[in-house]
Number of protein chains: 2
Amino acid sequence: MTVTIKDVAKKAGVSPSTVSRVLSGHPRISLETSRKVKVIMEEMGYTPNMMAKSLVSKTTNSICIILPKPAEELFSNLFFMELIRGIVTQSSRSGYDVLISSGANEKEELEAVSRLLKGRRVDGVILLYSRKDDAVIDFLESGGYPFVLVGRSDRYEDILSVDNDNIMAAYDATNHLISMGHERIGFVSGPPNLIVSRDRLEGYRKAMQNKGLEMKAEWIVEGEFLQDSGYRAMSFFMNLPNRPTALVAVDDMVSFGVLRGLNELKYKVPEDLAIVSFNNIPLSELSSPPISSIDIGIYHLGYTASQVLIQSIQKPDNHDGYTNRFVIPHRLIVRESSMYTPGK
Amino acid sequence: MTVTIKDVAKKAGVSPSTVSRVLSGHPRISLETSRKVKVIMEEMGYTPNMMAKSLVSKTTNSICIILPKPAEELFSNLFFMELIRGIVTQSSRSGYDVLISSGANEKEELEAVSRLLKGRRVDGVILLYSRKDDAVIDFLESGGYPFVLVGRSDRYEDILSVDNDNIMAAYDATNHLISMGHERIGFVSGPPNLIVSRDRLEGYRKAMQNKGLEMKAEWIVEGEFLQDSGYRAMSFFMNLPNRPTALVAVDDMVSFGVLRGLNELKYKVPEDLAIVSFNNIPLSELSSPPISSIDIGIYHLGYTASQVLIQSIQKPDNHDGYTNRFVIPHRLIVRESSMYTPGK
DNA sequence: CTGTTAGCGCCTTCAG
DNA sequence: CTGAAGGCGCTAACAG
């Protein structure tokens, strides 16, 4: 059934090694033999057995990504799918296959990663999250396995990672509102244990401080990356005696929640409350009004992560120096939701 | 570095075959030896080399899914991610790994599938789409490879496939509107070359015919699975002299477009136009008003596809009979967007 | 330039 | 119940 090198060799009247050499583009081989063998391979429909190849080369030409379990939210789905698309596209361009794995909990994840790596089924791993104190990272670090983190680790400084400059991004978002004339600006953050939430909050703080604007504690609300958080934050803000005229939200989903609430209460955007948020999901362009958003280049994030990982697999030497942290540029997309100067 | 069976055997003072037998749970082996070997394996951190295993067993314990390239739309992202989650979860429960692949075009897809299957890197394939006249399906069929289709093929009748009963689903959706008292009901379809669009349109037709309701040609509009289609369909419908009082849309995204347009024109939902659509994405519950939607069990679709495929890999015998087409149940979630009886 | 040989790590006979 | 031997398909020496 399956055609092997041996079969091809027999039919071509040469030795298996010769066929193998043709396959690997070995230099010292006669043009004629090479051509002949190639034709026969084509004829017989030869496809190399990856397993056998991997066994001897000790390399699999595949990487794996670990899907965090609580990827049940809409936001996560959009985000991860986009990331995966970037990863898969770049990987297949580099001739690598992508294996997806997941575990019900951290222990299972660790088992999966360990099995895949120690069992030599994949050459490296892309971690799609930045949890604190992650056992998987410890395992990968101590085992010396190639891996890259999408996001950043606050524990390991020199880990290979691909991230946005979220501080700067939030700084830009906030500054945009300030430059539109806003002075009372609120911030709806994400879960405080996520580094991305903390970074964005810090960027907001920096921008406010930089312009000497007041930052009331009640203008900062923590929530999830979900509509609901926006909804709740909105009703909280709008009931404040001296309420903000603008808002930075940690995710577009949150903005939708805010929008929905504002809509119900007959408030107008951006007149009553201007909004800027993050991630620039397709829907943000299409909502009414369209939402200003920071595009963080999710696809690009994935694409680069894959590129960086595969590079580090192929030449594991230069794993030091200052090139370990890759920053994907962001850009602010200004839309209707922030196009208003208060008091005008 | 890597621990092999041989290493374990040496340390345990037994032969490699014995270790191998312990590993595979071979019956004829003394309890004592077995225990001793297990302890040593644990100690040394032995992990079987998958490649070597695969090479001899001619089975890889992994399957692959082909990501269609034009998965650039929001809808697709949500849909596919949910599908993938179902697939990955079930696969890892069955001890299978999932490989994701994609190609820039059909030719590349075919090459990828061929390479993976003929190169014995995966045991089977899940196809995430139902295109017409697909070369990949031809290849899989003629090669006798295990595969399952999410959706259905109109060319091959007895292919392993997992799908909804989309005709019935659309029938139910339409009937719901009829039972609310609507008589002029429009339909916004998807691309006509997708089987799912055609099935849903047929279900709508059946329901209308069944009740003897008039079906004007202008009440049926074809579009994409996108907001934009909804937006355009809406403005078309609302300008009709005797416009529909209700609408079935082929996807929730389309409903959002309709909603947005209606909103801009100050029409009210469901009073001016009632809406039901498909897929029940998380956002449909949270929009204002919440949209009635047919939940098609996307996760379940993926979960079942994986299950069915792995079954067919493990016992390829009973590949005939009437059990080849699996139908995932749908259910109508009634929300505000359809809770209105016209003329009331 | 080409053929022969020896494994990669594992499983499966075949003998004890 | 256990050990030895052979081979899965391929690559990498080593000899010509």
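Residue numbers begin at 1 in each chain, while the letters A, B, ... track the order of the sequences.
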Task: Nearest-Å distance for atom pair CG/P, residues A:Leu55 and D:dA12 - done: 12 Å
- [ ] Could you check how far CD of B:Glu32 sits from C1' of D:dT2, rounded to whole Å?
- [x] 14 Å
TODO: Taking only the side-chain heavy atoms of B:Arg21 (C-beta and beyond), determine which of D:dG3, D:dA13, D:dC8 contains the nearest atom.
DONE: D:dG3
Task: OP1 or OP2 of C:dT2 under 4.0 Å from side-chain N/O of A:Thr18 - done: no
Open item on the list: Heavy atoms from C-beta onward define the side chain here; which of C:dC11, D:dA13, D:dG9 lies closest to that of A:Val56?
Closed with: D:dG9
TODO: Please confirm whether the backbone N or O of A:Ile159 pairs with a side-chain atom of A:Asn324, one donor and one acceptor, at under 3.5 Å?
DONE: no
- [ ] Ignoring the backbone of A:Val14, work out which of C:dC10, D:dG9, C:dG3 is nearest its side chain.
- [x] C:dG3
Open item on the list: Looking at every heavy atom in both A:Ala305 and A:Ile126, which two are closest together, and how far apart are they?
Closed with: C-CD1, 4.1 Å
Open item on the list: Can you tell me whether the side chain of B:Ser17 and the base of D:dA4 have a donor-acceptor pair closer than 3.5 Å?
Closed with: yes
Task: Short side-chain N/O contact to C:dT2 OP1/OP2 from A:Thr33, under 4.0 Å - done: yes
- [ ] Report yes if a side-chain nitrogen or oxygen of A:Lys58 is closer than 4.0 Å to either non-bridging phosphate oxygen (OP1 or OP2) of C:dG9; otherwise report no.
- [x] yes
- [ ] Would you indicate, yes or no, if C:dG3 has its OP1 or OP2 atom less than 4.0 angstrom from a side-chain nitrogen or oxygen of A:Ser15?
- [x] yes
- [ ] Count the heavy atoms of every other residue, nucleotide or ligand shown that sit under 6.0 Å from NZ of A:Lys53, and state whether that count exceeds 12.
- [x] no
